[in-house]
Amino acid sequence: MSIRPDIHSQTKKIIYNMYTFFKTLAKCKDKPELADYFLQSQERTAEACAVSLRTVQRICKESKITGNQDESLGVGSSSDLKFQSPRKRYSREKSVTELDDFDNEVIRRVVHSFYDKGEFPTSAKILVELREKLNYRGSKSSVKIILKQLNFKYKKCNDGRKFLMERSDIVTARVKFLRKMNEFRRNGDTRPVVYLDETWVNQNHTRGRIWQNEENTEGLKVPTGKGSRLIICHAGSPSFGFIKESKLIFRCNSGNKDYHSQMNATIFESWFSQMLLNLEEPSIIVSVGLARKGPVRDLEKRAPNMTDMVVMLLETPFRRWHSDNKNDLLKVGKPLPFLSALAPDKKLSKVFCRSFNPNLYQQHTWLCGSHYIQKLFCWPCLLLGKMKSVWNTVGYYDLKNLSRGIQIHQTSKEHIHNHLGLKNLEKNYFSILDVVNEHGNLFKKNYNENVRLNRLFMEHLIDLVLFLGKQELAFRGHDENSDSLNEGNFRELFDMHIIRCSQEIQNHYNSIKNIFSGMSKSIQNDLISRISEFLINQIKNEIKQCKFYSIQIDDTTDISQKTQCSIIIRYVTDKSELVERFLGFHNVSEDRTAQGLFNLVNSVLHEFDIENKLVGQCYDGACVMSGHLTGLQARVKEVAPNALFTHCLAHRLNLVLQHGCSINAKCRIFFANLTGIAAYFHNSTSRTNFVDTIVGKRIPQFVQTRWSSRSKILHTIVNEWSGFINVFDCISKDPKSSSESICGAIGHFKNLKTYEFAFLALVFNDIFIYTDNLFNILQNKSFDVEFCLRKINITYDLINKKRNEPEFLKLFNQTVTLTKPPKATRNESNNQSNFKILFYEIIDNILMQLNTRFQDTNKLLFLQLADVTKFKEYSCTFPVNALNNLKSTYPNIFYNINTLKVELEVLYSDVKYQNLLHIYDMVKIIEQDALKDILPEAYKLFILILTIN
């Protein structure tokens with residue numbers, strides 16, 4: 001029996017022996033005090049051995065099982081006890097998470113390969129790659145453990161601006177440079193290293209902060225603007241600092257281009273030649289940044305003698321050069337520098353110096369030289385020589401014996417063999433080069449022509465996609481086989497379009513249609529995706545360049561019963577064009593809460609500077625959207641404090657009538673029957689003919705989203721009440737009427753004869769007279785918020801005045817003129833009181849909705865600053881209240897309120913702007929006349945109002 005995994009059998013035996021000893025002391029009768037103390041032997045053993053009581057009990061129990069029973073002590077005999085030791089623990093090999101260094105390095109490369117390909121490295125994708133490359137047998141959770149062991153972290157992706165990766169060519173160039181410098185150091189090269197580099201600075205560059213007094217009355221004036229760009233080029237060495245008189249500063253021609261392009265070969269050659277003259281000793285020259293844009297390479301092509309080819313061949317033999325570099329070297333030819341070093345000599349006690357005669361290059365075509373080493377070399381032996389000699393290793397410069405040395409070398413077997421090889425190499429190079437150039441030019445010409453024709457053909461396919469998308473037509477058909485009568489809109493439109501294309505395009509299509517026809521569904525989907533991606537990028541660029549934008553969000557249920565949330569963004573472009581862009585549908589079926597919708601909005605708009613640019617938000621009025629405390633608009637306002645919640649005033653009135661008239665069951669039944677009458681006539685021409693014959697006026701069509709349509713239907717029925725009763729009576733009695741028409745006519749006839757229906761018709765008809773007038777005002781006077789508020793209050797007061805006993809009795813008695821009064825009952829007063837309660841309930845609900853829906857409309861009071869119809873009035877009386885309202889609503893945007901007031905006063909007083917129809921006309925004038933810089937605050941106000949209204 002195992003007691004504890006960390007207690008060995010010897011430890012158990014020691015604990016047991018101590019326990020038996022304490023047990024013996026407890027039996028001692030000579031010392032009763034001691035016996036009483038050790039009477040609890042197990043507890044004393046646990047205290048003495050620093051183990052738990054439970055451990056001692058288990059050891060005693062094991063002793064009874066494994067040993068002989070000692071009757072005197074009541075435990076097993078310690079002579080033959082054998083306690084069990086715990087089993088050894090063997091660590092199980094974790095083959096799927098504990099990998100060797102080689103496999104770990106493979107995993108690192110797999111992760112980084114996803115970055116190179118522009119893909120997101122997820123554990124699922126990494127697992128697929130590891131199973132393919134390592135035959136990995138682990139699961140996705142095991143991959144996560146390994147990635148954490150390799151110090152990878154699973155965290156939120158950055159926006160792409162903080163992740164830098166070196167290009168492979170830059171890495172290769174750095175490695176090559178480090179190897180070359182290391183080779184110089186290993187060979188003991190003591191030449192100083194001179195570094196060349198260029199940079200730029202703005203002409204007006206200055207310090208942004210200086211020490212000034214408290215009143216800021218002293219100090220230098222900071223120049224305005226950046227000024228022109230200056231290019232600076234310099235050379236220096238850690239050994240002796242900057243080279244004297246080697247600093248070059250010149251003005252950049254254009255500030256928009258990369259400044260490296262301004263350092264061309266001509267400028268670099270002039271500066272580099274002068275810098276070489278100022279070098280006091282032979283040096284290693286390192287071009288840090290100039291070689292990127294080509295001035296050094298251009299200089300090598302124009303002045304090859306500036307680069308010492310001999311030194312390059314000595315460092316890297318010709319056979320190890322790349323084929324392209326070999327061809328370039330043969331094309332440039334051998335270097336023929338002037339050797340300026342003098343060789344001292346003495347003849348007949350007269351000392352003189354021998355100098356090199358450059359004419360030797362003409363006499364011996366194989367001769368070349370090194371301007372750096374200042375010695376002569378054999379060009380064929382330097383390129384192709386296999387045997388080492390002074391002519392292809394260290395160079396020859398014994399001018400005294402030069403003629404003899406030349407004669408000996410040019411008659412040697414090795415030199416002649418190398419010279420013949422060089423001639424054959426040059427001959428083959430030029431003949432092959434001509435053929436390659438001819439074929440290359442022909443290939444480029446054919447390739448470019450195919451590219452041009454492919455682009456023309458793709459333009460036609462793109463036009464087809466744009467046309468079908470604009471017309472909202474389906475691309476594919478049910479049967480797209482060649483023998484089908486209708487192959488789908490895309491194929492049919494393509495067949496019609498291709499025969500009208502130029503003969504050039506038709507011939508090109510016939511040549512490639514077996515390879516690429518452009519008719520497959522994948523090609524159509526790719527074209528749609530690419531066009532959509534292009535449009536989305538264009539919209540994103542416009543949003544990033546605009547000053548403000550507002551959003552409009554609504555949701556609907558599609559045919560698959562999924563809730564789709566649409567996001568529309570409204571803004572004024574940098575060219576002063578007011579646009580509304582649809583950003584797409586988003587599935588929100590899983591989470592339709594305010595927090596879920598906020599997460600969606602934040603994910604879509606976070607890249608568009610939502611904190612500063614979002615100035616307006618508009619929703620459908622549902623509490624989850626527009627709630628002031630926990631709704632979507634409240635959460636958005638926490639992130640974007642300038643995002644004012646706006647809602648169309650006319651739409652608000654629709655919601656007032658919709659909720660105010662549907663709170664009672666009798667009202668809901670009344671409007672269901674009312675709209676049913678309109679649908680009854682519009683679904684049949686024969687029924688409509690009855691109305692035209694008897695009434696002489698058609699009933700208006702019902703529109704679900706506009707409450708005013710119900711008002712028009714009700715006005716028509718109330719004004720022609722008896723006529724519609726006759727219409728339904730004639731339809732029900734006409735033998736030509738269908739059963740459906742007869743049933744509907746009887747039902748609607750009974751409704752019109754009902755006293756309750758007639759009473760509600762008169763009540764709502766009386767209310768709709770005021771609300772229809774208000775609806776027309778809110779539709780046409782949206783900029784004049786003060787006027788709209790006044791009309792809303794007037795409408796509220798007029799409806800409120802209807803809430804009295806005389807008005808009720810007037811409508812109650814007027815109902816008798818439309819239909820028979822209700823049958824008399826024993827308690828006739830209760831019947832009238834029921835209608836009175838219903839009347840008051842309708843009035844109270846509409847008043848409550850008016851007060852609730854329009855309570856925050858005064859926040860939009862600043863809109864009247866852009867009411868162009870009142871510019872003439874504002875020239876006399878400036879709308880100070882509207883300006884103060886703007887200041888309190890957008891304090892972070894319009895902080896220079898005095899400047900805005902001055903600019904508005906100038907615009908209000910100008911007759912040119914007093915006859916405009918809309919503020920958008922004002923914005924277009926500012927754009928056309930280039931007045932943005934003159935009226936910056938007013939222009940900002942106008943585009944903000946266009947954005948939110």
Side-chain angles (χ1 to χ4, degrees), residues 654 657-658 660-662 664-773 775-776 808 810-824 831 834-835 838-839 842:
N654 272 337
L657 298 175
Q658 178 181 348
C661 298
S662 61
N664 186 281
K666 294 181 179 180
C667 296
R668 290 195 296 271
I669 295 173
F670 168 75
F671 281 105
N673 291 327
L674 182 69
T675 55
I677 293 175
Y680 175 79
F681 288 109
H682 283 282
N683 291 337
S684 173
T685 57
S686 61
R687 302 169 199 164
T688 305
N689 187 42
F690 277 101
V691 177
D692 294 338
T693 304
I694 299 175
V695 178
K697 182 189 299 184
R698 290 191 178 184
I699 195 167
Q701 188 172 2
F702 170 65
V703 181
Q704 181 70 32
T705 57
R706 289 193 176 272
W707 195 264
S708 58
S709 65
R710 296 173 175 86
S711 173
K712 294 177 181 178
I713 296 171
L714 184 58
H715 289 327
T716 304
I717 293 177
V718 170
N719 294 333
E720 302 292 339
W721 191 273
S722 59
F724 279 100
I725 291 178
N726 294 332
V727 168
F728 291 128
D729 185 52
C730 292
I731 293 176
S732 61
K733 295 179 179 180
D734 186 13
K736 297 181 180 179
S737 298
S738 64
S739 58
E740 181 183 358
S741 298
I742 294 173
C743 291
I746 294 174
H748 294 309
F749 180 83
K750 290 181 179 180
N751 286 332
L752 294 179
K753 288 292 184 178
T754 305
Y755 189 85
E756 181 181 296
F757 186 88
F759 176 76
L760 290 176
L762 291 177
V763 171
F764 284 112
N765 185 61
D766 206 20
I767 294 174
F768 287 165
I769 293 174
Y770 304 121
T771 57
D772 287 349
N773 183 36
F775 182 83
N776 295 330
F808 164 71
K810 175 183 175 182
L811 293 174
F812 188 80
N813 297 327
Q814 187 180 354
T815 309
V816 180
T817 62
L818 300 180
T819 185
K820 295 180 180 181
K823 294 181 179 181
N831 192 19
N834 291 335
F835 281 100
L838 178 61
F839 172 73
I842 293 171

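Along the sequence shown, residues carry numbers from 1.
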**Message:** Is it the case that the ring center of Phe681 lies less than 6.0 angstrom away from the ring center of Phe728?
**Reply:** yes
**Asked** After noting the C-alpha distance and the side-chain angles of Asn673 and Ile677, does the key distance pass the side chain to side chain contact (heavy atoms under 4.5 Å, CB included) rule?
**Response** CA-CA 6 Å; Asn673 291 327; Ile677 293 175; 5.8 Å; no
**Request:** Write down the atom of Ser732, the atom of Ile746, and the distance for their closest heavy-atom approach.
**Result:** CB-CG1, 4.1 Å
**Asked** So, Ser684 side chain and Tyr680 main chain: donor-acceptor pair closer than 3.5 Å or not?
**Response** no
**Asked** Are any non-hydrogen side-chain atoms of Thr819 and Leu752 less than 4.5 angstrom apart?
**Response** no
**Fill in**
Here the pair of heavy atoms bringing Thr716 nearest to Pro700 is OG1-CD, 3.4 Å
**Prompt:** Between Lys753 and Ile725, which heavy-atom pair has the shortest distance, and what is it?
**Reply:** CE-CG2, 4.0 Å
**Prompt:** Short question: side chain of Asn765, backbone of Ala761 - any donor-acceptor pair under 3.5 Å?
**Reply:** no
**Request:** May I ask you to check whether Arg687 and Ser741 show a side-chain donor-acceptor distance below 3.5 Å?
**Result:** yes
**Message:** Within the structure provided, determine whether Phe768 and Thr771 are in side-chain contact (heavy-atom separation under 4.5 Å).
**Reply:** yes
**Polar side-chain atom of Asp766 near backbone of Leu762 as donor-acceptor pair, under 3.5 Å** = no
**Asked** Which word best sums up how the rings of Phe670 and Phe757 line up, parallel for under 30°, tilted for 30 to 60°, or perpendicular for over 60°?
**Response** tilted
**Prompt:** Taking the six-membered ring for Trp, are Phe808 and Phe812 parallel (under 30°), tilted (30 to 60°) or perpendicular (over 60°)?
**Reply:** tilted
**Request:** Could you walk me through whether Ile842 and Leu760 pass the side chain to side chain contact (heavy atoms under 4.5 Å, CB included) test, one step at a time?
**Result:** CA-CA 10 Å; Ile842 293 171; Leu760 290 176; 3.7 Å; yes
**Prompt:** How long is the gap from CD1 on Ile731 to OG on Ser738, to the nearest 0.5 Å?
**Reply:** 9.5 Å
**Item:** His715 side chain to Ile769 backbone, donor-acceptor under 3.5 Å
**Value:** no
**Request:** Measure the NE2-CD1 distance between His748 and Ile717 for me, rounded to the nearest 0.5 Å.
**Result:** 9.0 Å
**Item:** Close aromatic pair by centroid cut-off 6.0 Å: Phe671 and Phe764
**Value:** yes
**Asked** Is the backbone of Lys733 close enough, under 3.5 Å, to the side chain of Ser737 for a donor and an acceptor to pair up by distance?
**Response** no
**Val691 side chain near Ile699 side chain, heavy-atom distance below 4.5 Å** = no
**Request:** Apply side chain to side chain contact (heavy atoms under 4.5 Å, CB included) to Phe759 and Thr754, showing your working.
**Result:** CA-CA 9 Å; Phe759 176 76; Thr754 305; over 6 Å; no
**Message:** Return the CG to CD1 distance between Asn689 and Ile694, rounded to the nearest 0.5 Å.
**Reply:** 9.5 Å
**Approximate separation, where rounding is to 0.5 Å, of Ser722 OG and Asp729 CG** = 12.5 Å
**Where Leu838 and Lys666 come nearest, the two heavy atoms and their spacing** = CD2-CD, 4.2 Å
**Message:** Would you say that Phe690 contacts Asp734 through its side chain, given a criterion of any heavy-atom pair below 4.5 Å between the two side chains?
**Reply:** yes
**Request:** Take Thr688 and His682 through the test side chain to side chain contact (heavy atoms under 4.5 Å, CB included) and record every step on the way to the result.
**Result:** CA-CA 7 Å; Thr688 305; His682 283 282; 5.9 Å; no
